Amino acid sequence: MIIAIDGPAASGKSTSAKLLAEKLKFLYLDTGAMYRCIALAVIENQIDIKNKQSLKDFIDNFKLEMRTINGVSVFLINGENVSKKIRSSSVSKKVSEISAIPSIRKYMVSMQRSFAKNTKCVVEGRDIGTVVFPKATIKFFMIASVEVRAKRRQLELRRLGEEITLKDLQKDIEARDKYDSERSHSPLKKAFDAIEIDTTNMTLRDQLSVMVKNVNLKINRK
Ligand code: DC
């Protein structure tokens with residue numbers, strides 16, 4: 001059973017997805033983190049993504065290891081836990097461009113499908129309800145104002161020791177929204193059967209309660 005949660009950057013997906021998975025005792029898969037891992041590896045290895053052969057060699061040799069610790073997916077590249085590094089602003093700036101590359105998406109989608117196979121899983125991303133799991137049992141699409149999203153990102157980065165102005169974060173988020181929604185391959189888009197939740201003025205508790213209510217309704221109807 002798959003619960004798909006899509007939406008733009010910092011729309012409230014991650015925290016509520018994690019809490020929902022915990023509450024339902026489902027696994028939790030953060031597919032944005034997977035794209036961040038490959039973006040980190042591209043940056044650290046200075047891969048020229050415009051060069052088809054070097055991109056191919058890189059993908060052929062890229063090994064992303066996923067472990068589930070307390071129901072949450074943790075990512076390792078060459079044995080190193082990169083969970084913290086992938087949240088840096090340098091990765092955030094590069095990740096949209098890298099995640100738009102079709103061969104990278106192909107690699108990731110196949111990994112996501114095999115991870116969630118025969119499990120009960122909350123999967124969060126941009127194309128989960130539209131492309132990766134179009135038959136998901138229930139789909140949510142989260143949105144929020146760009147101002148609120150920038151504030152959320154600022155708090156997240158502050159916890160990592162990075163200080164960025166709201167104005168810069170807003171610009172980054174808008175650029176990422178544009179890139180993610182306008183790319184030709186699997187763009188960010190609300191699935192026709194997704195339930196939209198605007199989290200701008202919602203507390204986390206409200207978000208979780210709306211989701212749980214909808215999941216219960218759906219399960220009881222089956
Ligand atoms: O959710 P996030 O901000 O950590 O995601 C990072 C980037 O990864 C986002 O800008 C777009 C990309 N992404 C994607 O293309 N498809 C997904 N399923 C998840 C994320």
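Note that ligands are numbered from 1 as they come in the structure, with each ligand's atoms numbered from 1 the same way. In this text, all values refer to a predicted model and were calculated from it rather than measured experimentally.
- Nearest approach of M108 to F62, heavy atoms of both residues: CE-CE2, 4.4 Å.
- Salt-bridge check for K139 with D6: failed, with every basic side-chain N at 4.0 Å or more from each acidic carboxylate O.
- Using a 3.5 Å distance cut-off with no hydrogens or angles, the side chains of D206 and T203 do pair a donor with an acceptor.
- Within ligand 1, the atoms closer than 4.0 Å to a non-hydrogen atom of S96 are 10 (O), numbered from 1 in the order shown.
- Contacts with ligand 1 closer than 4.0 Å are made by side-chain heavy atoms of R176 only, the backbone lying farther away.
- With salt bridges taken as basic N to acidic carboxylate O contacts below 4.0 Å, one links K190 and E196.
- Nearest protein heavy-atom contact of atom 20 (C) of ligand 1 is G32 CA, 3.5 Å.
- No option in R126, R149, K171 other than R149 meets the salt bridge (charged side-chain N to carboxylate O under 4.0 Å, His left out) test with D177.
- Set against the non-hydrogen atoms of D180, the atoms of ligand 1 under 4.0 Å away are 9 (C), 10 (O), 11 (C).
- Residue contacts with ligand 1: R105 is included, with a non-hydrogen atom under 4.0 Å away.
- Under the side chain to side chain contact (heavy atoms under 4.5 Å, CB included) criterion, E97 pairs with I49, K50, K94, Y179, not counting sequence neighbours.
- Annotation: Y35 places no N or O atom under 3.5 Å from an N or O atom of ligand 1; distance criterion only.
- You'll find the side chain of V212 stays beyond 4.5 Å of the side chain of V215, heavy atoms only.
- The residue E97 has no part lying near ligand 1, judged by heavy-atom distances below 4.0 Å.
- Between R105 and D127 the shortest side-chain heavy-atom distance falls below 4.5 Å.
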Please walk me through it: do Q53 and K56 pass side chain to side chain donor-acceptor pair (under 3.5 Å)?
CA-CA 5 Å; Q53 191 56 47; K56 185 182 178 309; over 6 Å; no

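- Nearest to atom 12 (C) of ligand 1 among the protein's heavy atoms is S99 OG, 3.4 Å.
- By the criterion of a heavy-atom distance under 4.0 Å, neither the backbone nor the side chain of H185 is placed next to ligand 1.
- The shell of residues lying under 4.0 angstrom from ligand 1, judged by heavy atoms, excludes M108.
- Atom 2 (P) of ligand 1 has its closest protein heavy atom at R126 NH2, 3.6 Å.
- Close contacts of ligand 1 with T31, meaning ligand atoms under 4.0 Å from a residue heavy atom, involve 17 (C), 18 (N), 19 (C).
- Atoms of ligand 1 found under 4.0 Å from any heavy atom of R153, numbered from 1 in the order shown, are 3 (O).
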Would S92 and R36 satisfy side chain to side chain donor-acceptor pair (under 3.5 Å), going step by step from the backbone distance to the final call?
CA-CA 7 Å; S92 296; R36 285 172 178 273; 3.1 Å; yes

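- The protein non-hydrogen atom at the shortest distance from atom 4 (O) of ligand 1 is R36 NE, 2.7 Å.
- Contact annotation for R87 and ligand 1: only side-chain heavy atoms (C-beta onward) come within less than 4.0 Å of the ligand.
- If you number the atoms of ligand 1 from 1 as listed, the ones under 4.0 Å from a heavy atom of D127 come out as 16 (N), 17 (C), 18 (N).
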